[in-house]
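The structure appears below as C-alpha coordinates.
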Amino acid sequence: MTKVGIICEFNPIHAGHIYLFDKVRERFGSECAVICIMSGNFTQRGMPAIYPKYKRAKSAVLCGCDAVYELPFPWCAAPAPFFAAGGVAVAKNLGCEYLAFGSESGDIEYLSEVRDNLDSEAFRDCLLSKTERAKHTNKSGINLLNISYKEYFGEALPVGANNTLALEYLSAINKIAPEIKPFTVRRYGIASAGATRGEILKGDYHSVPEKAARVLKGEKTVDYSTYDLLSFAFMREHAQRELNRFGDGKGGFAEKLFAKAKSGATPQEFFEGIADKRTTNARVRRFILSCICSVTPQMWERIPEYTVLLAMNKRGREALIKKDGFAIITKPSRYDKLSDADKAIYERSIKADSLYGLCCEISADDMQRETPYIEA
(Lines give C-alpha, C1' and ligand atoms only; values in the text may rest on other atoms or scores of the structure.)
Protein backbone atom coordinates (compact mmCIF):
# COMPACT_ATOMS: atom_id res chain seq x y z
CA MET A 1 0.00 0.00 0.00
CA THR A 2 1.37 3.39 -1.02
CA LYS A 3 1.47 5.83 1.91
CA VAL A 4 1.28 9.55 1.19
CA GLY A 5 1.92 12.03 4.00
CA ILE A 6 0.35 15.47 4.27
CA ILE A 7 1.54 18.01 6.85
CA CYS A 8 -1.44 20.15 7.76
CA GLU A 9 -3.39 22.14 10.32
CA PHE A 10 -7.06 21.60 9.32
CA ASN A 11 -7.90 24.88 11.02
CA PRO A 12 -10.56 23.96 9.98
CA ILE A 13 -10.74 21.47 7.11
CA HIS A 14 -12.12 23.08 3.93
CA ALA A 15 -12.56 22.49 0.21
CA GLY A 16 -8.86 23.03 -0.50
CA HIS A 17 -7.93 20.07 1.67
CA ILE A 18 -10.54 17.86 -0.02
CA TYR A 19 -9.11 18.92 -3.38
CA LEU A 20 -5.63 17.84 -2.23
CA PHE A 21 -6.95 14.46 -1.04
CA ASP A 22 -8.61 13.95 -4.44
CA LYS A 23 -5.46 14.86 -6.37
CA VAL A 24 -3.37 12.51 -4.23
CA ARG A 25 -5.69 9.60 -4.99
CA GLU A 26 -5.81 10.59 -8.65
CA ARG A 27 -2.02 10.40 -8.77
CA PHE A 28 -1.33 7.40 -6.48
CA GLY A 29 -4.49 5.37 -6.84
CA SER A 30 -7.74 5.13 -4.90
CA GLU A 31 -6.27 2.54 -2.51
CA CYS A 32 -3.34 4.65 -1.34
CA ALA A 33 -3.30 5.64 2.34
CA VAL A 34 -3.47 9.38 3.02
CA ILE A 35 -1.61 9.93 6.31
CA CYS A 36 -1.97 13.41 7.80
CA ILE A 37 0.44 14.96 10.28
CA MET A 38 -1.63 17.72 11.84
CA SER A 39 -0.78 20.54 14.22
CA GLY A 40 -2.17 20.02 17.69
CA ASN A 41 -4.07 22.68 19.61
CA PHE A 42 -1.70 25.44 18.47
CA THR A 43 -0.75 26.33 14.91
CA GLN A 44 2.42 27.38 13.14
CA ARG A 45 1.57 31.06 13.58
CA GLY A 46 1.55 30.60 17.36
CA MET A 47 -2.24 30.90 17.71
CA PRO A 48 -4.75 28.45 19.19
CA ALA A 49 -6.69 26.42 16.62
CA ILE A 50 -10.38 27.23 16.27
CA TYR A 51 -11.39 23.72 17.43
CA PRO A 52 -9.59 21.15 19.62
CA LYS A 53 -7.26 18.74 17.83
CA TYR A 54 -9.34 15.58 18.30
CA LYS A 55 -12.42 17.22 16.76
CA ARG A 56 -10.42 18.55 13.80
CA ALA A 57 -8.82 15.12 13.28
CA LYS A 58 -12.17 13.31 13.33
CA SER A 59 -13.61 15.75 10.80
CA ALA A 60 -10.63 15.14 8.50
CA VAL A 61 -11.02 11.35 8.55
CA LEU A 62 -14.73 11.69 7.82
CA CYS A 63 -13.81 13.91 4.86
CA GLY A 64 -11.42 11.50 3.18
CA CYS A 65 -8.02 11.05 4.79
CA ASP A 66 -7.15 7.74 6.45
CA ALA A 67 -5.27 8.69 9.59
CA VAL A 68 -4.38 11.84 11.51
CA TYR A 69 -1.32 11.94 13.76
CA GLU A 70 -0.23 14.96 15.73
CA LEU A 71 2.67 17.16 14.77
CA PRO A 72 3.58 17.58 18.44
CA PHE A 73 4.03 20.82 20.30
CA PRO A 74 6.38 22.73 20.15
CA TRP A 75 7.14 21.88 16.50
CA CYS A 76 3.56 22.69 15.47
CA ALA A 77 4.08 26.27 16.69
CA ALA A 78 7.67 26.77 15.53
CA PRO A 79 9.22 28.88 12.76
CA ALA A 80 8.73 27.36 9.31
CA PRO A 81 12.05 25.44 9.07
CA PHE A 82 11.39 23.62 12.38
CA PHE A 83 7.69 23.12 11.61
CA ALA A 84 8.61 21.50 8.29
CA ALA A 85 11.42 19.41 9.78
CA GLY A 86 9.15 18.16 12.55
CA GLY A 87 6.43 17.18 10.10
CA VAL A 88 8.82 15.45 7.71
CA ALA A 89 10.41 13.52 10.60
CA VAL A 90 7.01 12.21 11.73
CA ALA A 91 6.06 11.31 8.13
CA LYS A 92 9.32 9.40 7.74
CA ASN A 93 8.83 7.46 10.97
CA LEU A 94 5.28 6.54 9.96
CA GLY A 95 6.61 4.99 6.75
CA CYS A 96 5.34 7.60 4.28
CA GLU A 97 6.84 7.19 0.81
CA TYR A 98 5.58 10.52 -0.54
CA LEU A 99 4.85 13.95 0.92
CA ALA A 100 2.03 15.89 -0.75
CA PHE A 101 1.45 19.61 -0.29
CA GLY A 102 -0.26 22.51 -2.00
CA SER A 103 1.67 25.38 -3.57
CA GLU A 104 0.90 28.42 -5.65
CA SER A 105 3.41 27.15 -8.22
CA GLY A 106 2.29 23.55 -8.62
CA ASP A 107 5.65 22.80 -10.31
CA ILE A 108 7.80 20.46 -8.22
CA GLU A 109 10.79 20.66 -10.58
CA TYR A 110 10.87 24.45 -10.39
CA LEU A 111 10.46 24.49 -6.59
CA SER A 112 13.21 21.87 -6.24
CA GLU A 113 15.55 23.98 -8.36
CA VAL A 114 14.86 27.04 -6.20
CA ARG A 115 15.47 25.01 -3.06
CA ASP A 116 18.81 23.77 -4.43
CA ASN A 117 19.76 27.37 -5.20
CA LEU A 118 18.88 28.49 -1.67
CA ASP A 119 20.84 25.63 -0.13
CA SER A 120 23.96 26.19 -2.25
CA GLU A 121 27.05 27.12 -0.25
CA ALA A 122 27.90 30.09 -2.48
CA PHE A 123 24.48 31.66 -2.02
CA ARG A 124 24.47 31.04 1.72
CA ASP A 125 27.80 32.88 1.98
CA CYS A 126 26.36 35.77 -0.05
CA LEU A 127 23.28 35.96 2.16
CA LEU A 128 25.35 35.83 5.35
CA SER A 129 27.45 38.75 4.15
CA LYS A 130 24.37 40.84 3.35
CA THR A 131 22.80 39.96 6.69
CA GLU A 132 25.87 41.15 8.57
CA ARG A 133 25.85 44.45 6.70
CA ALA A 134 22.12 44.99 7.28
CA LYS A 135 22.06 44.38 11.03
CA HIS A 136 21.34 48.02 11.83
CA THR A 137 18.78 48.62 9.07
CA ASN A 138 15.01 48.08 9.04
CA LYS A 139 15.20 45.28 6.47
CA SER A 140 13.62 42.04 7.64
CA GLY A 141 15.22 38.64 7.11
CA ILE A 142 12.71 37.71 4.42
CA ASN A 143 13.32 40.97 2.53
CA LEU A 144 17.07 40.36 2.60
CA LEU A 145 16.52 36.84 1.31
CA ASN A 146 14.36 38.07 -1.58
CA ILE A 147 16.79 40.84 -2.53
CA SER A 148 19.82 38.57 -2.32
CA TYR A 149 18.20 35.80 -4.36
CA LYS A 150 17.21 38.17 -7.16
CA GLU A 151 20.66 39.76 -7.28
CA TYR A 152 22.45 36.40 -7.27
CA PHE A 153 20.23 34.34 -9.59
CA GLY A 154 18.63 37.07 -11.70
CA GLU A 155 15.05 36.13 -10.81
CA ALA A 156 12.69 36.61 -7.91
CA LEU A 157 11.83 33.96 -5.38
CA PRO A 158 8.40 32.38 -5.92
CA VAL A 159 5.80 34.36 -4.00
CA GLY A 160 3.06 32.94 -1.80
CA ALA A 161 2.92 31.46 1.70
CA ASN A 162 2.40 27.95 0.37
CA ASN A 163 5.40 28.21 -1.98
CA THR A 164 7.50 29.36 0.97
CA LEU A 165 6.41 26.41 3.09
CA ALA A 166 6.89 24.04 0.14
CA LEU A 167 10.53 25.13 -0.06
CA GLU A 168 10.94 24.33 3.64
CA TYR A 169 9.43 20.87 3.11
CA LEU A 170 11.87 20.21 0.28
CA SER A 171 14.80 21.33 2.41
CA ALA A 172 13.68 19.11 5.29
CA ILE A 173 13.27 16.12 2.96
CA ASN A 174 16.80 16.62 1.65
CA LYS A 175 18.25 16.76 5.16
CA ILE A 176 16.10 14.28 7.08
CA ALA A 177 14.30 11.92 4.71
CA PRO A 178 15.76 11.78 1.19
CA GLU A 179 13.82 8.56 0.63
CA ILE A 180 10.53 10.54 0.66
CA LYS A 181 9.44 11.85 -2.75
CA PRO A 182 7.69 15.24 -2.89
CA PHE A 183 4.43 15.82 -4.78
CA THR A 184 2.78 19.22 -5.10
CA VAL A 185 -0.64 20.34 -6.23
CA ARG A 186 -1.34 23.82 -7.48
CA ARG A 187 -3.66 25.80 -5.24
CA TYR A 188 -6.57 27.58 -6.84
CA GLY A 189 -9.00 30.21 -5.61
CA ILE A 190 -10.62 28.05 -2.95
CA ALA A 191 -11.78 29.63 0.32
CA SER A 192 -8.87 29.95 2.74
CA ALA A 193 -8.78 28.61 6.29
CA GLY A 194 -8.68 32.19 7.60
CA ALA A 195 -11.83 33.15 5.71
CA THR A 196 -13.55 29.96 6.83
CA ARG A 197 -12.69 30.65 10.49
CA GLY A 198 -14.16 34.12 10.16
CA GLU A 199 -17.39 32.66 8.80
CA ILE A 200 -17.60 30.03 11.56
CA LEU A 201 -17.23 32.67 14.26
CA LYS A 202 -20.32 34.32 12.75
CA GLY A 203 -22.21 31.00 12.77
CA ASP A 204 -21.77 30.39 9.02
CA TYR A 205 -20.57 26.88 8.06
CA HIS A 206 -21.17 26.99 4.30
CA SER A 207 -17.42 26.70 3.52
CA VAL A 208 -17.00 23.67 5.81
CA PRO A 209 -17.51 20.25 4.15
CA GLU A 210 -20.83 18.76 5.20
CA LYS A 211 -19.35 15.75 7.04
CA ALA A 212 -17.00 18.01 8.98
CA ALA A 213 -19.77 20.47 9.80
CA ARG A 214 -21.71 17.66 11.48
CA VAL A 215 -18.79 17.20 13.89
CA LEU A 216 -17.96 20.86 14.44
CA LYS A 217 -21.36 22.51 14.67
CA GLY A 218 -22.30 22.93 18.29
CA GLU A 219 -18.72 22.55 19.48
CA LYS A 220 -17.37 25.53 21.35
CA THR A 221 -14.81 27.50 19.37
CA VAL A 222 -11.70 28.86 21.01
CA ASP A 223 -12.08 32.32 22.57
CA TYR A 224 -9.32 34.36 20.95
CA SER A 225 -9.94 37.36 23.21
CA THR A 226 -9.31 35.19 26.28
CA TYR A 227 -6.07 33.94 24.75
CA ASP A 228 -4.94 37.49 23.96
CA LEU A 229 -5.65 38.57 27.53
CA LEU A 230 -3.71 35.61 28.96
CA SER A 231 -0.77 36.34 26.64
CA PHE A 232 -0.75 40.03 27.50
CA ALA A 233 -0.98 39.35 31.24
CA PHE A 234 1.90 36.87 31.05
CA MET A 235 4.18 39.37 29.29
CA ARG A 236 3.30 42.09 31.78
CA GLU A 237 3.99 40.01 34.87
CA HIS A 238 7.26 38.32 33.95
CA ALA A 239 10.66 39.87 34.22
CA GLN A 240 12.63 40.53 31.07
CA ARG A 241 15.53 38.33 32.18
CA GLU A 242 13.16 35.34 32.45
CA LEU A 243 12.12 35.61 28.80
CA ASN A 244 15.44 35.91 26.99
CA ARG A 245 16.12 32.16 26.95
CA PHE A 246 12.83 31.11 25.35
CA GLY A 247 11.68 30.96 21.74
CA ASP A 248 13.16 33.40 19.26
CA GLY A 249 14.05 36.15 21.70
CA LYS A 250 17.42 37.12 20.23
CA GLY A 251 18.52 40.49 18.89
CA GLY A 252 16.65 42.55 21.46
CA PHE A 253 13.30 41.03 20.48
CA ALA A 254 12.41 39.94 24.02
CA GLU A 255 13.31 43.38 25.38
CA LYS A 256 11.09 45.05 22.80
CA LEU A 257 8.07 42.92 23.68
CA PHE A 258 8.66 43.38 27.38
CA ALA A 259 8.69 47.17 27.01
CA LYS A 260 5.52 47.13 24.90
CA ALA A 261 3.73 44.94 27.43
CA LYS A 262 4.59 47.39 30.22
CA SER A 263 3.44 50.43 28.24
CA GLY A 264 0.31 48.91 26.66
CA ALA A 265 -3.03 49.35 28.43
CA THR A 266 -4.94 46.58 26.63
CA PRO A 267 -4.13 43.40 24.70
CA GLN A 268 -5.23 45.09 21.47
CA GLU A 269 -2.94 48.05 22.09
CA PHE A 270 -0.07 45.69 22.89
CA PHE A 271 -0.37 43.51 19.77
CA GLU A 272 -1.08 46.39 17.39
CA GLY A 273 1.86 48.37 18.76
CA ILE A 274 4.43 45.63 18.09
CA ALA A 275 4.09 45.07 14.35
CA ASP A 276 6.65 46.71 12.06
CA LYS A 277 8.72 45.85 8.97
CA ARG A 278 11.00 43.53 10.95
CA THR A 279 8.45 41.97 13.28
CA THR A 280 5.63 39.73 12.06
CA ASN A 281 2.60 39.00 14.18
CA ALA A 282 3.38 35.27 13.88
CA ARG A 283 6.85 35.75 15.36
CA VAL A 284 5.39 37.67 18.30
CA ARG A 285 2.75 35.02 18.91
CA ARG A 286 5.22 32.13 18.71
CA PHE A 287 7.59 33.86 21.09
CA ILE A 288 4.92 34.53 23.72
CA LEU A 289 3.61 30.96 23.49
CA SER A 290 7.16 29.64 23.86
CA CYS A 291 7.65 31.76 26.97
CA ILE A 292 4.38 30.61 28.54
CA CYS A 293 5.26 26.94 27.91
CA SER A 294 9.02 27.26 28.62
CA VAL A 295 10.12 26.24 25.13
CA THR A 296 13.77 26.87 24.28
CA PRO A 297 15.25 27.10 20.75
CA GLN A 298 17.08 23.83 21.45
CA MET A 299 13.72 22.06 21.70
CA TRP A 300 12.71 23.28 18.24
CA GLU A 301 16.02 22.02 16.89
CA ARG A 302 15.41 18.45 18.05
CA ILE A 303 13.65 15.97 15.79
CA PRO A 304 10.38 14.59 17.22
CA GLU A 305 10.69 10.93 18.18
CA TYR A 306 7.02 10.45 18.97
CA THR A 307 3.55 11.41 17.80
CA VAL A 308 -0.01 11.14 19.11
CA LEU A 309 -2.68 9.21 17.23
CA LEU A 310 -5.75 11.44 16.84
CA ALA A 311 -8.01 9.63 14.37
CA MET A 312 -7.99 6.82 11.80
CA ASN A 313 -10.21 4.61 9.65
CA LYS A 314 -9.79 0.99 8.55
CA ARG A 315 -7.27 1.80 5.82
CA GLY A 316 -5.33 3.91 8.30
CA ARG A 317 -5.09 0.92 10.63
CA GLU A 318 -3.87 -1.29 7.78
CA ALA A 319 -1.21 1.29 6.90
CA LEU A 320 0.01 1.62 10.49
CA ILE A 321 3.73 1.01 10.76
CA LYS A 322 6.45 2.88 12.58
CA LYS A 323 10.21 2.89 12.60
CA ASP A 324 12.10 1.39 15.55
CA GLY A 325 12.63 3.89 18.35
CA PHE A 326 9.63 6.00 17.36
CA ALA A 327 6.65 6.12 19.74
CA ILE A 328 2.96 6.47 18.92
CA ILE A 329 0.99 7.69 21.93
CA THR A 330 -2.68 6.67 21.95
CA LYS A 331 -3.69 8.33 25.22
CA PRO A 332 -2.37 11.78 26.17
CA SER A 333 -1.57 10.67 29.73
CA ARG A 334 0.46 7.63 28.61
CA TYR A 335 3.88 8.99 27.75
CA ASP A 336 5.94 7.10 30.33
CA LYS A 337 7.92 5.16 27.69
CA LEU A 338 9.43 8.28 26.14
CA SER A 339 13.06 9.17 26.75
CA ASP A 340 13.73 11.71 29.49
CA ALA A 341 14.40 14.42 26.90
CA ASP A 342 11.17 13.65 25.03
CA LYS A 343 9.22 13.51 28.29
CA ALA A 344 10.41 17.03 29.08
CA ILE A 345 9.17 18.24 25.70
CA TYR A 346 5.90 16.30 25.95
CA GLU A 347 5.23 17.98 29.29
CA ARG A 348 5.39 21.32 27.45
CA SER A 349 2.68 19.93 25.19
CA ILE A 350 0.52 19.15 28.24
CA LYS A 351 1.06 22.72 29.40
CA ALA A 352 0.05 24.05 25.97
CA ASP A 353 -3.08 21.89 25.97
CA SER A 354 -3.98 23.18 29.44
CA LEU A 355 -3.56 26.75 28.19
CA TYR A 356 -5.77 25.93 25.23
CA GLY A 357 -8.42 24.51 27.54
CA LEU A 358 -8.63 27.84 29.35
CA CYS A 359 -9.69 29.42 26.07
CA CYS A 360 -12.48 26.97 25.23
CA GLU A 361 -13.72 25.94 28.68
CA ILE A 362 -12.19 22.45 28.78
CA SER A 363 -10.56 21.29 32.01
CA ALA A 364 -6.94 20.18 32.04
CA ASP A 365 -8.05 16.75 33.26
CA ASP A 366 -10.51 16.37 30.39
CA MET A 367 -7.79 17.34 27.89
CA GLN A 368 -5.71 14.41 29.16
CA ARG A 369 -8.60 11.94 28.97
CA GLU A 370 -9.14 12.37 25.22
CA THR A 371 -8.93 9.25 23.01
CA PRO A 372 -8.52 8.85 19.26
CA TYR A 373 -11.49 8.60 16.91
CA ILE A 374 -11.38 5.12 15.35
CA GLU A 375 -13.80 4.67 12.47
CA ALA A 376 -15.36 1.20 12.36
Side-chain angles (χ1 to χ4, degrees), residues 3-22 24-25 32-43 47-73 76 87 90-91 94 96 100 191 193 196-197 199-201 203-222 306-320 328-334 349-350 352-353 356-357 359-363 365-376:
K3 292 180 280 294
V4 183
I6 296 176
I7 302 169
C8 53
E9 295 189 321
F10 296 145
N11 187 33
I13 192 165
H14 56 71
H17 299 120
I18 309 299
Y19 179 74
L20 180 56
F21 296 165
D22 290 344
V24 165
R25 292 212 157 91
C32 74
V34 178
I35 310 298
C36 294
I37 299 96
M38 186 192 80
S39 295
N41 286 322
F42 285 88
T43 66
M47 288 292 287
I50 190 167
Y51 289 109
K53 57 190 176 185
Y54 283 94
K55 297 297 182 184
R56 289 165 29 240
K58 178 180 178 179
S59 70
V61 167
L62 292 176
C63 287
C65 73
D66 298 303
V68 181
Y69 296 89
E70 185 175 6
L71 172 54
F73 185 86
C76 66
V90 174
L94 292 174
C96 294
T196 304
R197 288 194 297 276
E199 292 166 357
I200 289 173
L201 293 174
D204 180 356
Y205 286 79
H206 84 274
S207 295
V208 180
E210 183 180 351
K211 291 180 180 179
R214 291 176 195 159
V215 175
L216 302 176
K217 274 185 178 179
E219 291 292 330
K220 185 171 179 60
T221 59
V222 74
Y306 63 91
T307 186
V308 179
L309 173 64
L310 301 175
M312 66 167 40
N313 60 18
K314 181 180 178 182
R315 186 186 288 137
R317 293 197 299 274
E318 292 171 352
L320 176 57
I328 297 177
I329 297 169
T330 55
K331 293 182 180 179
S333 60
R334 298 296 301 274
S349 179
I350 294 174
D353 285 347
Y356 183 86
C359 304
C360 53
E361 299 179 5
I362 303 174
S363 74
D365 285 345
D366 285 344
M367 298 288 282
Q368 292 304 300
R369 293 191 191 106
E370 293 272 19
T371 56
Y373 168 73
I374 307 296
E375 188 174 83

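A 4.5 Å side-chain heavy-atom check between K55 and L216 finds at least one atom pair inside the cut-off. V61 has its side chain within reach of V68: a pair of non-hydrogen atoms, C-beta onward, lies under 4.5 Å apart. A 4.5 Å side-chain heavy-atom check between Y205 and K217 finds at least one atom pair inside the cut-off. A 4.5 Å side-chain heavy-atom check between C359 and V222 finds at least one atom pair inside the cut-off. Q368 is listed as a side-chain neighbour of D353, based on a closest heavy-atom distance under 4.5 Å.
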Check your understanding: Are I329 and T307 close enough, and set up right, to give a side-chain contact (heavy atoms from CB on, under 4.5 Å), and what steps lead you there?
Key -> CA-CA 6 Å; I329 297 169; T307 186; over 6 Å; no
Practice item. Show your reasoning for whether side-chain contact (heavy atoms from CB on, under 4.5 Å) applies to K211 and C63. Key: CA-CA 6 Å; K211 291 180 180 179; C63 287; 4.2 Å; yes
**Study point:** Test side-chain contact (heavy atoms from CB on, under 4.5 Å) applied to M312 and I374, step by step
**Key:** CA-CA 5 Å; M312 66 167 40; I374 307 296; 3.5 Å; yes
Point to revise | Test log, rule side-chain contact (heavy atoms from CB on, under 4.5 Å), inputs Y356 and M367 | key: CA-CA 9 Å; Y356 183 86; M367 298 288 282; 3.9 Å; yes
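Note that the OG atom of S349 and the CG atom of N41 stand 8.0 Å from one another [nearest 0.5 Å]. The distance from the CG atom of L320 to the CD1 atom of I35 is 8.5 Å, given to the nearest 0.5 Å. Taken to the nearest 0.5 Å, the CZ atom of R56 stands 12.5 Å off from the CD atom of E219. Note: T196 OG1 to H14 NE2 = 5.5 Å, rounded to the nearest 0.5 Å. We find the CD-OG distance between E199 and S207 to be 3.5 Å, quoted to the nearest 0.5 Å. Rounding to the nearest 0.5 angstrom, the gap separating the CD1 atom in I13 from the CG atom in N11 is 11.5 Å.
Annotation for N313 and C65: closest pair ND2-O, 3.5 Å, computed over non-hydrogen atoms. Heavy atoms only, all atoms of each residue included: P52 and I362 are closest at CG-CD1, 3.9 Å. Counting all heavy atoms, side chain and backbone alike, A311 lies closest to P372 at N-CB, 4.3 Å. The minimum heavy-atom distance linking R197 with P12 is given by the pair CG-CD, 3.7 Å.
Every residue meeting the side-chain contact (heavy atoms from CB on, under 4.5 Å) condition with C8, not counting sequence neighbours, appears here in chain and number order: I6, F10, C36, M38. Not counting sequence neighbours, the partners of S363 by the side-chain contact (heavy atoms from CB on, under 4.5 Å) test are D365, D366. The side chain to side chain donor-acceptor pair (under 3.5 Å) check on T330 picks up nothing, with sequence neighbours excluded. For the side-chain contact (heavy atoms from CB on, under 4.5 Å) test, residues two or more places apart in sequence or in another chain that qualify with T221 are I50, Y51, I200, L201. Residues satisfying the side chain to side chain donor-acceptor pair (under 3.5 Å) criterion with R214, sequence neighbours excluded, are E210.
With V308 as the fixed residue, the side-chain contact (heavy atoms from CB on, under 4.5 Å) test singles out one of Y69, F73, Y54: Y54.
Other residues, nucleotides and ligands place more than 12 heavy atoms under 6.0 Å from the CD atom of E318.
Residue pairs that meet the salt bridge (charged side-chain N to carboxylate O under 4.0 Å, His left out) test with at least one member in residues 63-72, sequence neighbours left out, are R25-D66, K53-E70, D66-R315.
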